[in-house]
Amino acid sequence: MSATLLTAAIACLHFIAMMAVEIVPDPALTPETETFPRGALALAIAAGMLTILAMSALALFVEHLRRTNRVLREGKQLLRDKTELLDTVLETMDQGLMMVDASGLVRVCNERAATLLGLPPALMRVHPSSEGVSFHQIAEGRLGNVPEALRRWNFEDMAPGETYAFEQEAPDGCVVEVRLVPLAEGGAVLTFTDITARKRAETQVAQSEARLALALDAGSDGLWDSDLVSGEAWCSARWWEVLGYTPGELEPHARTWRMLVHPGDVAQTERVLQDHIDGRTPLYECEHRMRRSDGGWAWLLTRGRVVARAEDGTPLRFIGTQIDISARKAAERQIAHMARHDGLTDLPNRALFYERLDDRLAELRLRGGRAAVLCLDLDRFKAVNDRLGHLAGDTVLRAVAHRVRLELHAEDVVARLGGDEFAVLVADGGDLAAIEDLARRLIGSVNEPVYFEEQRMEVGLSIGIALAPEHGKSGEEIFKRADLALYRAKLEGRNTFRVFEAAMDEAVAERLDLECDLRRAIAENELTLHYQPQVNTGGRDLVGFEALVRWRHPTRGLVPPSVFVPLAEQSGTILSLGEWVLRAACREAATWDRPLKIAVNLSPMQFQQADLADRILAILAETGLPPARLELEITESVIINDMARALGILRRLKSFGISIAMDDFGTGYSSLATLQAFPFDKIKIDRSFVGHVEGSPQAAVIVRAVLSLGRSLGMGVVAEGVETPDQMRFLTDEACDEVQGYLVGKPQPIDVFARYLRGEDAESAWMADTLADHDEAAVTQTKRPLKRAGTNGG
């Protein structure tokens with residue numbers, strides 16, 4: 001265009017210039033006669049101009065053809081590239097693609113479509129210029145996976161702009177999604193997508209959602225989701241069920257929750273909620289009560305968290321759970337009640353009683369007044385347990401608790417301290433006469449018989465009384481004084497009451513202190529054992545020792561066994577004391593070089609333990625002492641108290657190989673019956689007979705009779721308390737098996753007998769040593785003080 005315009009401009013300029021030229025002949029010149037013809041010249045010029053124009057036009061046309069050819073070549077290459085790209089995309093795309101014209105001929109089909117639908121490979125080589133393959137013909141012949149609906153489609157009648165979609169599941173489980181988009185000129189484009197994985201995931205999600213729904217319905221958690229801006233909320237069905245409402249019965253809104261919260265818990269719940277909303281706590285967690293549909297109150301544990309906030313930090317969404325903890329709260333209340341009350345009688349226990357007592361004493365210090373503490377202990381209750389069993393004893397305890405409660409005012413407190421011990425706190429103890437009258441009524445009420453399975457049971461009641469603040473300012477001090485008064489009431493005949501007096505402190509307090517010291521001595525291993533030798537009368541050989549416990553008090557000095565052993569039996573400490581003695585004696589005997597026997601006394605109270613045989617066997621296993629070296633000494637009262645239980649334990653002990661000896665034989669009233677009931681290994685003649693064989697013919701006859709009885713029954717006989725050579729000669733002449741006493745050896749620490757335990761001296765040296773130290777005069781001088789120091793067995 002620019003070249004044409006330039007040429008035209010030059011031509012116009014030339015002709016315009018030529019038109020402006022005026023040529024005037026020069027008169028001085030003579031015209032030539034022969035000139036070129038003007039017509040020919042004009043034609044020549046015109047021809048030349050036309051030739052130039054024709055050449056220019058031809059050059060322009062040639063250039064146009066060259067450019068057109070270049071564009072065509074570039075377009076062809078681009079088309080080829082795009083065709084290759086399209087083919088690559090079609091063959092590599094995850095979806096199957098197929099294009100069908102209006103007549104139903106397949107024009108395009110990629111490999112993925114053929115694979116998903118099981119189409120023949122020929123469909124992938126369709127050329128647009130060919131007739132193509134009829135989709136319906138192929139479907140009727142070989143396309144088993146093509147849906148029936150797709151086979152019936154008429155591609156000419158489809159409305160452009162609409163999309164048709166459906167899913168087809170193949171026999172192998174593969175699921176294909178088919179989408180069909182009609183074309184404006186007819187025909188359609190079909191896409192095929194393998195959605196097997198998606199369908200499987202959807203199925204799993206659906207199953208998970210179903211399981212979650214079932215879990216939420218079956219679980220104890222109620223779910224809620226609240227919009228903090230509008231207050232609108234969503235609550236799960238379980239949330240409503242916890243409170244007894246049906247879903248939708250109340251408006252699902254934050255104000256509904258606030259309306260249902262217990263008035264006493266509103267302040268706490270709001271405070272905890274605000275702390276979380278303000279970001280001071282990471283989680284909202286609060287226990288509170290909410291009103292149920294029946295008007296009652298349910299304890300709930302609510303947990304929640306703000307899960308969405310605006311850019312400025314304003315909380316938007318709040319979700320959480322709500323759990324019904326009413327059962328747990330009830331259990332906690334029950335546990336708290338049980339921790340402070342007696343399980344049998346439902347009375348306050350010792351801890352709660354002391355708490356109420358301290359509260360009352362605090363009131364007395366502020367407002368003045370008096371109170372009284374009564375310590376109650378049942379008399380003859382052990383006999384009920386032993387005779388009729390613990391169920392009968394429980395019946396008695398419940399009846400006593402009920403009767404005591406009936407005699408008290410509402411502000412008074414009665415507690416069971418344990419066993420058959422009770423305590424009463426009289427809130428108004430200003431009138432001593434009224435307190436004493438209450439004690440009499442309690443004794444009379446408890447004395448009334450109690451029936452259990454047609455068995456009539458009667459118990460008594462001893463009461464000790466202490467007043468506050470006269471007898472103490474602290475609860476422990478007052479209770480101690482009441483206990484002292486109770487002890488005095490028991491000493492003075494039982495089934496009565498005594499008011500504390502200052503004189504009671506000394507003797508009773510000393511006994512209680514000694515009892516506490518004894519318990520501590522056992523626990524801290526402050527006791528020691530002394531060993532008294534036992535020899536046979538034939539060869540004077542050492543055959544064993546009897547273990548005797550000794551207690552050296554840190555301040556009182558040596559406490560005689562005649563003092564602390566009865567104390568242990570009365571307080572029940574004898575069980576731990578007896579076990580300590582048995583363990584210590586077995587441990588010591590197991591270290592001896594010589595296999596001498598060790599004799600240990602058992603208390604009748606130890607036979608109340610059902611597992612006594614197992615305890616003894618465990619001690620033997622622990623210490624490593626062979627059972628054959630252990631000899632257990634019992635008194636006949638063990639069998640008299642409960643013959644069936646005692647004989648069962650003794651037979652089991654004897655089956656282990658342990659020897660059983662009857663101690664203090666002859667002092668009871670049923671010795672012969674006892675020997676008949678159980679085959680003892682030995683009989684020990686009491687020292688009260690052995691000590692009089694020299695001057696009392698009757699004692700000598702009894703000793704001979706016992707020795708004869710032992711030989712007849714095949715039982716060994718041991719004589720205790722041998723203190724003179726004459727007694728030894730008598731027993732030797734009468735063929736007594738074994739002897740022990742101060743003549744043979746005093747109870748002493750085991751170190752004294754170390755050389756005999758090692759076997760360094762001959763057996764005969766034993767009596768030589770002992771007789772050299774015990775002539776008759778020496779024995780006579782020491783006999784009386786030795787008796788005062790303690791018994792032989794001690």
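Hydrogens, waters and symmetry mates are skipped; everything else that's a heavy atom, side chains included, is used.
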| query | Stepwise, does the side chain to side chain contact (heavy atoms under 4.5 Å, CB included) test hold for Phe353 with Val413? | reply | CA-CA 7 Å; Phe353 180 80; Val413 180; 4.1 Å; yes
State, yes or no, whether a side-chain contact exists between [X] and [Y] at a heavy-atom distance under 4.5 Å.
{"X": "Asn349", "Y": "Arg416", "result": "no"}
{"X": "Val404", "Y": "Ser445", "result": "no"}
{"X": "Phe753", "Y": "Gln748", "result": "yes"}
{"X": "Val450", "Y": "Arg403", "result": "yes"}
{"X": "Pro348", "Y": "Glu355", "result": "no"}
{"X": "Pro561", "Y": "Arg550", "result": "yes"}
{"X": "Ile634", "Y": "Leu650", "result": "yes"}
{"X": "Arg629", "Y": "Pro595", "result": "yes"}

| field | Chi angles and distances behind the side chain to side chain contact (heavy atoms under 4.5 Å, CB included) call for Leu575, Gln606 | value | CA-CA 6 Å; Leu575 298 178; Gln606 290 180 267; 4.0 Å; yes
| Residue pair Gln532 / Glu546, side-chain donor-acceptor N/O under 3.5 Å |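 The answer is no; no qualifying pair exists.
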| Ser462 side chain to Asp379 side chain, donor-acceptor N/O pair below 3.5 angstrom |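 Distance-only check passes for Ser462 and Asp379.
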| task | For the pair Arg380 and Val384, evaluate side chain to side chain contact (heavy atoms under 4.5 Å, CB included) and give the outcome as yes or no after the intermediate values. | result | CA-CA 7 Å; Arg380 304 185 302 276; Val384 173; 5.8 Å; no
Could you tell me which residues satisfy side chain to side chain contact (heavy atoms under 4.5 Å, CB included) with [X], sequence neighbours excluded, listed by chain and number?
{"X": "Ser659", "answer": "Glu631, Asp681"}
{"X": "Arg587", "answer": "Arg583, Glu622, Thr623"}
{"X": "Ile702", "answer": "Phe689, Val706"}
{"X": "Glu588", "answer": "Tyr531, Thr591, Trp592, Ile750"}

With a cut-off of 6.0 Å (strictly less than), are more than 12 heavy atoms of other residues, nucleotides or ligands near [atom1] of [X]?
{"X": "Glu526", "atom1": "CD", "answer": "yes"}
{"X": "His530", "atom1": "NE2", "answer": "yes"}
{"X": "His337", "atom1": "NE2", "answer": "yes"}
{"X": "Arg711", "atom1": "CZ", "answer": "yes"}

| message | Pair Glu720, Lys684 - check salt bridge (Lys or Arg N to Asp or Glu O under 4.0 Å), show working. | response | CA-CA 7 Å; Glu720 294 184 300; Lys684 299 192 74 172; 3.2 Å; yes
| message | If the condition is salt bridge (charged side-chain N to carboxylate O under 4.0 Å, His left out), which residues does Arg498 pass it with, not counting sequence neighbours? | response |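 Only Glu492 meet the salt bridge (charged side-chain N to carboxylate O under 4.0 Å, His left out) criterion with Arg498.
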| Sequence neighbours excluded, which residues qualify as salt bridge (charged side-chain N to carboxylate O under 4.0 Å, His left out) partners of Arg350? |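 So Arg350 forms no salt bridge (charged side-chain N to carboxylate O under 4.0 Å, His left out) with any residue.
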Distance from [X] atom [atom1] to [Y] atom [atom2], nearest 0.5 Å?
{"X": "Phe564", "Y": "His553", "atom1": "CZ", "atom2": "NE2", "answer": "12.0 Å"}
{"X": "Leu620", "Y": "Leu625", "atom1": "CG", "atom2": "CG", "answer": "6.0 Å"}
{"X": "Glu458", "Y": "Phe381", "atom1": "CD", "atom2": "CZ", "answer": "15.0 Å"}
{"X": "Trp580", "Y": "Asn525", "atom1": "CH2", "atom2": "CG", "answer": "5.5 Å"}
{"X": "Glu633", "Y": "Phe680", "atom1": "CD", "atom2": "CZ", "answer": "11.5 Å"}
{"X": "Thr635", "Y": "Asp686", "atom1": "OG1", "atom2": "CG", "answer": "11.0 Å"}

| Asp517 and Trp551: side chain to side chain donor-acceptor pair (under 3.5 Å), yes or no, with the steps? | CA-CA 10 Å; Asp517 292 343; Trp551 179 25; over 6 Å; no
| said: With salt bridge (Lys or Arg N to Asp or Glu O under 4.0 Å) as the criterion, how do Asp614 and Arg652 come out once you've worked through the C-alpha distance, each side chain's angles and the decisive distance to 0.1 Å? | reply: CA-CA 9 Å; Asp614 294 327; Arg652 189 162 182 223; 2.8 Å; yes
| query | In a check of side-chain contact (heavy atoms from CB on, under 4.5 Å) between Val446 and each of Ile463, Val396, Leu461, which one passes? | reply |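 The option that passes is Leu461.
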| query | Mind checking whether Tyr354 and Phe479 have parallel, tilted or perpendicular rings, split at 30° and 60°? | reply |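 Geometry flag for Phe479 against Tyr354: tilted rings.
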| query | Is the backbone of Arg704 close enough, under 3.5 Å, to the side chain of Ser708 for a donor and an acceptor to pair up by distance? | reply |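 The answer is no, because no donor-acceptor pair under 3.5 Å joins these two groups.
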| task | Evaluate salt bridge (Lys or Arg N to Asp or Glu O under 4.0 Å) for Glu332 paired with Arg328, printing each intermediate quantity in order. | result | CA-CA 6 Å; Glu332 289 176 355; Arg328 194 196 80 189; 3.1 Å; yes
| said: Show, in sequence, the C-alpha distance, side-chain angles and deciding distance for Leu582 and Ile616, and conclude whether the side chain to side chain contact (heavy atoms under 4.5 Å, CB included) test is met. | reply: CA-CA 8 Å; Leu582 181 61; Ile616 294 174; 3.7 Å; yes
| task | State whether Arg481 and Glu477 are salt-bridged, where the test is any N-O pair (Lys NZ or Arg NE/NH1/NH2 against Asp/Glu carboxylate O) under 4.0 Å. | result |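 Yes.
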